[in-house]
Amino acid sequence: MRRRFGTAGLDLLDTDPSESVTLSQAVQSSTEEGARPDLDGEAGVLFGAMTGSVVGLRYYTGVVNKREMVSLVREPHNPYDRNAVMVANVYGNQVGHIKKELAAPMAYIMDNNLAKIEGVVPYGKTNKFSMSVTLFFWGEEENRAAVTTKLNHCGFRFDPVKGFKSAKAPGSSLQEMLSKNLVAAVPLTAEQMKNSFDKMFDDLMADKTREMEAADAVFTPLLPHQKQALYWMAARENNDHLPPFWEQKGDLYVNVLTNFGVKQRPERVLGGILADDMGLGKTLTTIALIMSNFHDGRPLLLDKADQKASSSLLKRRRKDPIKTEKAASPKKARTAEKASSSAGGAVLLEDAGFAAALAGGSAKSKKTKSGADSRISTARATLIICPLSVLSNWLDQFEQHVRFGENLSVYLYYGTERCRDHNFLSRQDVVLTTYNVLSADYGNKESSPLHKVSWLRVVLDEGHVVRNPNAQQTKAVLDLSSERRWILSGTPIQNSLKDLWVLMAFLKLKPFDVKEWWNRVIQRPVTQGDRESLKNLQALIKGITLRRTKTSKVAGKSVVELPQKKMFVQRVTLSEEERQEYDLAKTEGQKVIGRYVTEGTVLTNYADVLAILVRLRQICCHPGLLGSYARVSSGDTSAPSDLQERLISKIRLVLSCGSDEECAICLDSLRQPVITYCAHVFCRPCICEVIRSEQERAKCPLCRAHINTKELVEYPGDKETGTSTSGKEKWRSSSKVDALMGRLLQVHGEDPAVKSLVVSQFTRFLTLLETPLRQHGFTFTRLDGSMNQRSRVKAIAEFQDSSPSSPSIMLLSLTAGGVGLNLTAASRVFMMDPSWNPAAEDQCVDRCHRLGQTRDVIITKFIVKNSVEEDMMRIQLNKKELMEKTFGSKSVQDQRQSRIEEIKTMMAL
DNA sequence: ACCGCCGGGTGCC
DNA sequence: ACCGCCGGGTGCC
């Protein structure tokens, strides 16, 4: 049986390992989301705390310190009492049982998932037979009554808040906890989360500036920031420190967060997270690490000159010179194995550990290594797991960066013909596989070859893909056995703090590899805004992560030198005809909105207001953008009788043209837009969160009308009505189109090799632009949100191609593609219309202003004089300033008010 | 456990 | 003596 919990055998006091494994597994399984939904992932509220007693201490070996956190585990099959609740320390060693009177209501509460109960031992062990424990009850508000009633029925009562002083685990007195709970738990958005993490990494660049040269076998010269990463990674792998939050106190090693202590030194964490931004060369750095830091800082392969020159000195440490394994394809594998087994034992090496490693660790040895010093490693191979899409990239990069002729054996463990002999695998230098293959193998547990090898190093490429703790692939990854572990990821936090748990578990950062401790000590307190815990999290991440963004600076110098980025605003004057049309629409809009303003119903009619603004913005681009339905907008008169229909037409009005409206709750671009019966558009997750937290009392954040989940109408998607726009009608230009064409011709005249991005929020505008582009003989391609994956990839590849026949222009919708989208072929950007969301514009520019860009990037923003566009620009600037100043912490009321002000300004009201 | 509880021994002071 | 009191045995769930 494999030890998931892993450390049971480490406690010296633990006399019967087999028993403790079972125990550990009980702890483990009780914290896993299993058959019943669990609470510990969700924050919940603290119902209260009380003191209980732990009895039966003399029968168990688990020890606890003063203020140590303990876990409570139900034992429904206990032969003496089916209500039994056992108490275990952080390593899962049993300490005792909860006294039976109290165990009765606790069992009821735990079995019905009414609350999550957590224990802290206030005094540690004061006598041989029993001790007190402070119990904290956490749960959903709706279960509070049930919990209190049950406890009262059994004669128990929560301690009064005021008199409560004892049992203070760090940062967790009842008072503190209750007061924290009064602060509403506002979940961070993905963007806020990303920002706070980028900030977290920022201040720790300074001490990570030492460099290390790669081994000679690495052909490609490393850039300075890559040498820094290499130094740091090698140092992490060779470090001899206690893991974060562990301290030596007397003869004990104590975790200062949980106050748990053991005699056994906790295992070192060799590895971490390389979280550099895309394009900084994580792959190359990792290859350099593999080549340069084999055992004890020595390179994996010694080059020929070195071998000769120092052969006598190095005799005992040098690699097998007759090494012939080179199996890049499964077919070669078998022959390679034969060759190596005949040559394998030929060299005598005195350094047992090194020798064993060179020969390749054979079967996974039972984890007997205990002391940090006495371990003898037999591991040789590095296992790299990556998504299928980058598999070939790894092979290419090994090929490209490792000096030609080196006997590096890289085995691609992929395809039905893959060699499943774990002895063979453990003799490789590198084994490359995918998450799919790994978890497929893991499906037949007994026979998963990758799980039989003791790896020197396991690397999770794009490590953020391992996120769901219940997924087979996660279990497969966590169950690998390795000395050193690395996670490569540009975005270690995809959505929330929750995502980090798997990464901590993979790195075996005790005690966070067990979810209960991660939740209790980090996740819940941090999400509830506890500063102390956030500091702890920062310290934890800081210690194990290296992250540089393309804008990171090291000692005042940019990590990556990017070409310049220059932004120009080109003001466009409307033609007389356009101006007339614009002013007409504006007067009409002023009337409508003016009425709303005097009535105080701007927010109630927000969808209409937006539609009017969109209409004005469209006229600025091209009067032909006004689709037939857009003209119906201003009043409410001609709307269809059916409410559903009317709402759909409204939401379509706001979104169909591809405009980038934002959600009033998250202030970010709309995701999964829905419209309420009161005609306001939000992200579905945002508005659902409001409804969930306010229940029946839920009101629309914009107009305070009652809302509920059933009354949300989805945006049915853009049905391109494909009417007037397709070239049939007589082509008519616009001032802005003319301005663009003038620029494009100029650019082309100066240097035909320069490529441009033409960006708009209105996809219909992009379509319109196709006509003049064709007329002037430009070749172009297009990328917008409506395209499927296949055609996207094709469009990007075409555009990035440098051949003369490749398109020189890409029509790009502002929000198309993720952050990863790489359009470095372009060095000119034309922003056809301003967006409400400045971040969206920055992100868009970053698609070409990124690593790999060789030219200066010139951005031209077209802004129509005396129009909403100018107002939008101004508002954007204010917003940016405000965000920087206040961290976006404006109250909802303020936001509403400033929205109204914005609209009034724009409509000159 | 320097307790509580149980049950046997014991019985004026 | 159908009590009180004493002191030894005993002890999680």
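To find a chain, count down the sequence lines: A is the first, B the second, and so on, and within it residues start at 1.
- Whole-Å rounding puts the A/E101 CD to B/dC5 C1' distance at 13 Å.
- Between the C1' atoms of B/dC2 and C/dC13, the separation comes to 26 Å (whole Å).
- Rounded to whole Å, atom P of B/dC3 lies 16 Å from atom NZ of A/K128.
- One distance of note links OG1 of A/T258 with CD of A/E516; it measures 11.0 Å at 0.5 Å rounding.
- In terms of the ring pair (Phe, Tyr, Trp, His ring centres under 6.0 Å) criterion, residue partners of A/W486 (sequence neighbours excluded) are, by chain and number, A/W232.
- Note: CZ (A/F129) to P (C/dT10) measures 14 Å, nearest angstrom.
- For the atom pair CD (A/E483) and CG (A/L456), the distance works out to 5.5 Å, reported to the nearest 0.5 Å.
- Taking 4.0 angstrom as the limit, A/K100 places none of its side-chain polar atoms (N or O) nearer than this to OP1 or OP2 of C/dC12.
- Computed from coordinates, the A/H97 NE2 to C/dG11 P distance equals 17 Å when rounded to whole Å.
- Across all strands shown, A/I98 has heavy atoms under 4.0 Å from sugar-phosphate atoms exclusively, and none from any base.
- Using a 4.0 Å heavy-atom cutoff across all strands shown, A/K99 reaches sugar-phosphate atoms only and no base atom.
- With both ends at atom C1', the span from C/dC5 to C/dA1 equals 12 Å, rounded to whole Å.
- Shown here, B/dG11 forms a base pair with C/dC3; the pair counts as Watson-Crick or G-U wobble because both key distances fall under 3.5 Å.
- Applying the 90° criterion around 0 to the glycosidic angle, C/dA1 comes out syn.
- The nearest whole Å value for the distance from the CD atom in A/E75 to the C1' atom in C/dC12 is 11 Å.
- The distance from atom CG of A/L57 to atom P of B/dA1 is 13 Å, rounded to the nearest whole Å.
- For A/F158 and A/F47, the ring centers sit 6.0 Å or farther from each other.
- The CE atom of A/M131 sits 15 Å away from the P atom of C/dC12 (whole-angstrom rounding).
- For A/Y59 and C/dC12, the shortest distance from a side-chain N or O to OP1 or OP2 is below 4.0 Å.
- Counting atom types as modelled, A/D81 pairs no side-chain N or O with a base atom of C/dC13 as donor and acceptor under 3.5 Å.
- Here C/dC13 presents its P atom at 13 Å from CE of A/M106, a figure rounded to the nearest Å.
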Assess the residue pair A/R524 and A/E118 against the criterion (salt bridge (Lys or Arg N to Asp or Glu O under 4.0 Å)); give the C-alpha distance rounded to whole Å, side-chain angles, the decisive distance to 0.1 Å, and a yes or no. CA-CA 13 Å; A/R524 187 189 50 217; A/E118 298 177 350; 2.8 Å; yes
